[in-house]
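In this text, all values refer to a predicted model and were calculated from it rather than measured experimentally. Residue numbers count from 1 along this sequence.
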Amino acid sequence: FVLLLFVFVVFTTANTHTHTTATTDVCVTDGSDSVQCGGTKGNVRRSGKYSKDAAIQEDSFSSYEHQQFDKDYNKIGVSHASAGRINEALQYFRAAAHHSPHRGDVWSNVGLALKDLAAQVPDTSKAKKISMYREAVAALELAVFLENESAKTILSNLERHVRSTYPKACMSVDCNRYKLEKVALKRLQKNTVDDTVAAVKMLCPDEESVVVPLRQNDLQGPLSAHSARRLYITMRVCGVAVIRNAMKKSVTDEINAVYEKRFNDFSNRLSGWDHSGVLEWTDAASRAVDRYEVKFTAASPFTKPEVTANRFILFASKLMLGDRIEVDTLSTVTSLPNAPDQHWHADVGSIFKRHIRTPERHLPPTGLVVILPLVDVTLRNGPTEFMTGSHISLGFDFWSELDENNCPTPVVKPQANIGDVVLFDLRNNHRGTANNSKEKRPIMYMSYVVDWFFDKVNFKDTQTRGFDSFNKQQKKLFSRLDHLAYIDHLEKLLKEKGVDVEELQSKGGYKKVDLRT
């Protein structure tokens, strides 16, 4: 595989043109679309090529032929490219990027194939040629973000060629946003409080700025390099992103039906409990006044591919986390009518929370949360509010001491309709806002985490009765082992009752190390 990939890199870079580097503009002034240099807030124009409210068609993706997630499409693409069949290679590289968006080498191959195909387009078709070069640049930049070293040289050579040949050409479908991103990413790399805050202000000034717009071809096949790059940057810098119309209404209707029954059962249980005690159980918890989270298990409809393996959700999760990911939590969060604003919080903190009051390296996330509205979420019934950039460590307790009144970065609360998804970094500070309507506001809450991460904060495990005799230190030390002891005890009781426990268990037949998403 490494040899084949090397052959493709040699084959495609042999014809790379080298020219004098042109100066890159970093700011633009254009009337209502003006952006000021230096990181102040600007208005980012939406490209006319994006379909803002494009609905997911029933068969928009179902006919896509490369659906096998465990097939090595990149290897097939390299084989085609080595034989000079670049157009066929590109289709397989796109399929590989769809199933493995975390792989920098795959995006590098997407960019290389686009570059070579663009070189074959006649100079008379300037618009088509530039369009292909634009996506090639987007793919190669994403490969660089994902730490593919070879993509850096390829990208540099391609940019030199394009700028010398088309000096006035913009290298993105959204020029103003692209120029902001270039400046913001450079400031973010400086790793200071002021530069980080400035970068976040540039790219995340309001609710619309965290929306990742999809183009029509994104709805019919794999996401383009433009959309993937935009999603990655938005999540890395802002810590929250919105994808409109990502899930079919028929799917959310099915989820809602299961939710209504489950929440009604929970409400009946809740009415008989003493609310002066600790309102946290193994399957539910109070998250604030009149705000409850209720867990679900791995059962239909949540195990259906249209839900937890939704292609937009899974793409985003793998892009940010890699392919060794698991669903950690399936739950709903319901704010009742007149529920007040929730307190600011992060679901989990940094995995290395040290007492250092200076910025640390911006580490990748350990998990993402997906919010799926079960009703249209408006300002009246209380959208989730986010401190943009608060997933970036700027020193011990930097973000925990802030609120909506003194947060140095923009605070956004994107509204979302049924079918939209809101994704945010597990470390991001957020809160549910007040529900000022007369109806409850339920949202589906799904967290995807790298497989070595365990959320030991938000729900209790089931423990043995003997666990109650432990002091707090012992409870912390032995919670995992005691939970396993609880399961062993239940199995022994079942065996004593004549139950064949092995018939209840998975037969195995796999190695955990071999599992991928």
> If you compare all heavy atoms of I443 against all heavy atoms of T384, which two are closest, and at what distance to 0.1 Å?
CD1-OG1, 4.3 Å
> Once you round to the nearest 0.5 Å, how far does CG of L185 lie from CG of L203?
6.5 Å
> Quick one: pull up NE2 in H391 and CH2 in W399 and give me the separation to the nearest 0.5 Å.
9.0 Å
> Check whether R236 reaches the backbone of H362 with its side chain - one donor and one acceptor, N or O, closer than 3.5 Å.
yes
> Among pairs that include at least one residue of residues 139-148, which meet side chain to side chain donor-acceptor pair (under 3.5 Å), considering only residues two or more places apart or in two chains?
E141-Y178, E141-K182, E141-R229, N148-S150
> Dump the intermediate steps for side-chain contact (heavy atoms from CB on, under 4.5 Å) on Y448 and L321, then the final yes or no.
CA-CA 9 Å; Y448 294 73; L321 305 173; 4.3 Å; yes
> Would the number of heavy atoms belonging to other residues, nucleotides or ligands and lying under 6.0 Å from CD of E404 be above 12?
yes
> Y292 and ring pair (Phe, Tyr, Trp, His ring centres under 6.0 Å): which partner among F266, Y445, F263?
F266
> One thing to verify: whether R431 and D341 come together as a salt bridge, which I'm taking to mean a side-chain N less than 4.0 angstrom from a carboxylate O.
yes
> I need the minimum non-hydrogen distance between S390 and N429, along with the two atoms involved.
OG-N, 2.7 Å
> Answer with yes or no whether the side chains of D323 and H99 bring together a donor and an acceptor at under 3.5 Å.
no
> To the nearest 0.5 angstrom, please state how far the OG atom of S335 sits from the CD atom of Q342.
9.5 Å
> Does R244 pair with D420 as a salt bridge, N-O distance under 4.0 Å?
yes
> To the closest 0.5 Å, what do you measure between CZ (R441) and CG (L336)?
10.0 Å
> I'd like to know whether NZ of K249 has more than 12 heavy-atom contacts from other residues, nucleotides or ligands below 6.0 angstrom.
no
> Run the numbers on L214 and F312 for side-chain contact (heavy atoms from CB on, under 4.5 Å), then give the verdict.
CA-CA 10 Å; L214 300 181; F312 297 110; 3.7 Å; yes
> With distance as the sole test, does S286 use its side chain to make a donor-acceptor pair with the main-chain N or O of A288 at under 3.5 Å?
yes
> Is it the case that the side chain of D195 and the backbone of A199 share a donor-acceptor pair, with hydrogens and angles ignored and the cut-off at 3.5 Å?
no
> Might you work through the side-chain contact (heavy atoms from CB on, under 4.5 Å) test for M444 and L330, ending with a clear yes or no?
CA-CA 8 Å; M444 190 74 202; L330 279 174; 3.9 Å; yes
> Could you go through N435 and S437, starting from their C-alpha distance and side-chain angles, then the distance that decides it, and tell me whether this counts as side chain to side chain donor-acceptor pair (under 3.5 Å)?
CA-CA 6 Å; N435 181 358; S437 74; 2.6 Å; yes
> For side-chain contact (heavy atoms from CB on, under 4.5 Å), just list the numbers for T409 and V197, CA-CA rounded to whole Å, side-chain angles, deciding distance to a tenth of an Å, and then say yes or no.
CA-CA 6 Å; T409 58; V197 168; 4.2 Å; yes
> Distance from N217 atom CG to R94 atom CZ, nearest 0.5 Å?
7.5 Å
> How long is the straight-line distance from CG of L146 back to OH of Y232, given to the nearest 0.5 Å?
5.0 Å
> Donor-acceptor pair, distance only, cut-off 3.5 Å: does the side chain of N245 make one with the backbone of G419?
no
> Kindly state whether the ring of H161 and the ring of Y133 have centres lying under 6.0 angstrom apart.
yes
> Would you please test T433 and E385 for side chain to side chain donor-acceptor pair (under 3.5 Å) and show each step?
CA-CA 7 Å; T433 55; E385 192 169 28; 5.8 Å; no
> Nearest heavy-atom pair of K440 and Y259: which atoms, and what distance?
CE-OH, 3.2 Å
> Ignoring hydrogens and geometry, is there a side-chain-to-backbone donor-acceptor pair from H430 to N428 under 3.5 Å?
yes
